[in-house]
Amino acid sequence: MFTANGDYANLKGNYLFYEVGKRARAYAEAHPDAELIRMGIGDVTQPLVPAVISAMHRAVDEMSRAETFHGYAPDFGYEFLREAIHKRDYVSRGIDVSQDEIFVSDGAKCDVGNFQELFSRSCRIAVLDPVYPVYVDTNVMAGRTGTNDGGRYAGLVYLTCDASNGFVPGPEAAEGADIVYLCYPNNPTGAVATKEQLQKWVDWANDRKSLILFDAAYEAFIRTPGIPHSIYEIPGARECAVEFRSFSKTAGFTGTRCAYAVVPTSVRAWMPDGSPADLRAMWTRRHTTKFNGVSYPVQRAAEAVYSPEGQAQTRALVDGYLANAAIIRERLAACGLRCIGGDNSPYIWVATGGVDSWSFFDRLLREAQVVTTPGSGFGRCGEGHIRISAFNRSDRVIEAMDRIEKVLK
Ligand code: PLP
């Protein structure tokens with residue numbers, strides 16, 4: 001008899017974006033003349049930059065000729081891309097990462113989700129609350145949690161992110177965890193972690209023989225000098241951390257798909273019998289067995305992000321989103337709402353002043369025709385907040401803020 005993975009039965013439905021979509025659709029159907037502005041989405045809105053498009057076109061042309069055609073890509077990504085990543089994202093910042101520790105992939109979501117295959121089933125997982133749901137759900141699927149009664153999975157360690165800790169919890173809350181998922185700049189709160197804060201996590205992980213999974217998908221939004229762009233800026237991180245990066249938000253690749261993971265050769269890990277495990281070798285094995293590479297035109301497109309034109313053009317793209325974020329934050333603060341994020345992140349995390357997340361969401365939908373994301377959908381500690389995204393055209397952002405101001409002032 002075929003039996004399915006019973007751990008899937010523990011998963012709570014993917015309720016958040018389904019419910020947001022349902023409520024927005026219902027409102028639009030009941031009010032056909034209303035023009036909704038969607039400020040909830042985590043997807044980019046601007047097209048790929050010219051340097052990327054020309055590189056992709058050239059690569060597509062190469063695929064049309066026998067002499068320049070490319071079949072399967074090398075397992076870890078083409079050398080030209082890994083070299084560019086290595087030089088620009090690490091060497092230029094004085095960070096000690098070698099090229100053979102970089103694994104090109106088709107998305108940080110897939111990498112983050114797949115990486116947990118390397119953990120034993122008994123590992124205890126810690127996540128931030130509110131949290132990017134992929135960290136949680138992939139571990140539920142793998143049987144590392146119990147059921148979810150009352151909004152939290154049994155067996156997970158939830159790290160409260162709130163105003164009392166500046167939305168950056170320290171390791172003292174992670175008692176008993178073997179693995180922690182950290183994400184900075186954070187989705188959904190937009191918070192960033194300082195070197196000192198990350199150092200505490202690295203020291204904790206090295207002391208406890210734990211592992212840090214550092215999701216830096218929003219690294220390109222960091223503008224404040226001194227905020228680390230990579231976990232490997234922190235002494236000791238090469239022994240205890242894996243890093244995930246993506247071209248999705250950096251360069252508008254959400255529909256193009258390219259990302260990479262860094263797994264240092266020096267990262268310490270142990271087999272269930274206590275003998276040393278080689279995590280990089282294990283990831284190599286997993287990657288080469290289950291993944292067949294990112295297409296040549298996409299890797300050429302990603303390489304072009306690192307060209308001088310690509311760097312200038314993608315920085316301008318991100319600057320545009322950050323300008324939107326600054327407008328959102330300033331205008332909402334002027335309405336008396338407490339906000340964080342938006343300065344080094346495309347997300348603004350807005351306290352709803354004692355109103356529950358869904359009621360505030362409904363009010364903005366009904367009275368301002370603006371769609372946001374209720375914070376409670378990201379975890380218990382997200383209650384009393386909404387997330388607003390800066391991924392939009394600036395005229396739409398201004399229009400949304402004008403409408404919200406009329407409702408709240
Ligand atoms: N990590 C975080 C924190 C994200 O918010 C997202 C996308 O929203 C991803 C990873 C997914 O990145 P990718 O598009 O590379 O799969």
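Quick caveat, the model's predicted, so the values are computed rather than measured. Note that these values count all heavy atoms, side chains included, but never hydrogens, waters or copies made by symmetry. Order of appearance sets the numbers: ligands from 1, and atoms from 1 within every ligand.
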May I have the N/O to N/O pairs between ligand 1 and the protein that fall below 3.5 Å, each with atom names and distance to one decimal?
residue  : atom   : partner : partner atom : Å
ligand 1 : 1 (N)  : D215    : OD1          : 3.4
ligand 1 : 1 (N)  : D215    : OD2          : 2.7
ligand 1 : 5 (O)  : N187    : ND2          : 2.8
ligand 1 : 5 (O)  : Y218    : OH           : 2.6
ligand 1 : 8 (O)  : Y218    : OH           : 3.3
ligand 1 : 8 (O)  : K249    : NZ           : 2.8
ligand 1 : 14 (O) : S248    : OG           : 2.6
ligand 1 : 14 (O) : R257    : NH1          : 3.0
ligand 1 : 14 (O) : R257    : NH2          : 3.4
ligand 1 : 15 (O) : A108    : N            : 2.8
ligand 1 : 15 (O) : S246    : OG           : 2.6
ligand 1 : 15 (O) : S248    : OG           : 3.3
ligand 1 : 16 (O) : A108    : N            : 3.2
ligand 1 : 16 (O) : K109    : N            : 2.9
ligand 1 : 16 (O) : R257    : NH2          : 2.8

With side-chain contact (heavy atoms from CB on, under 4.5 Å) as the criterion, how do F391 and K249 come out once you've worked through the C-alpha distance, each side chain's angles and the decisive distance to 0.1 Å? CA-CA 9 Å; F391 292 124; K249 311 296 161 82; 3.7 Å; yes
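Both tests hold for R300 against F80: distance to the six-membered ring centre under 6.0 Å, angle to the ring axis within 45°.
With hydrogens and angles left out, the side-chain atoms of R82 and Y78 include no donor and acceptor closer than 3.5 Å. D362 and Y27 are not linked by any side-chain donor-acceptor pair at a separation below 3.5 angstrom, with hydrogens and angles left out of the test.
Here salt bridge (charged side-chain N to carboxylate O under 4.0 Å, His left out) pairs that include residues 95-107, with residues two or more places apart or in two chains, are D96-R238, E101-R238.
When all heavy atoms of V104 and H287 are compared, the closest pair comes out as O-NE2, 3.1 Å.
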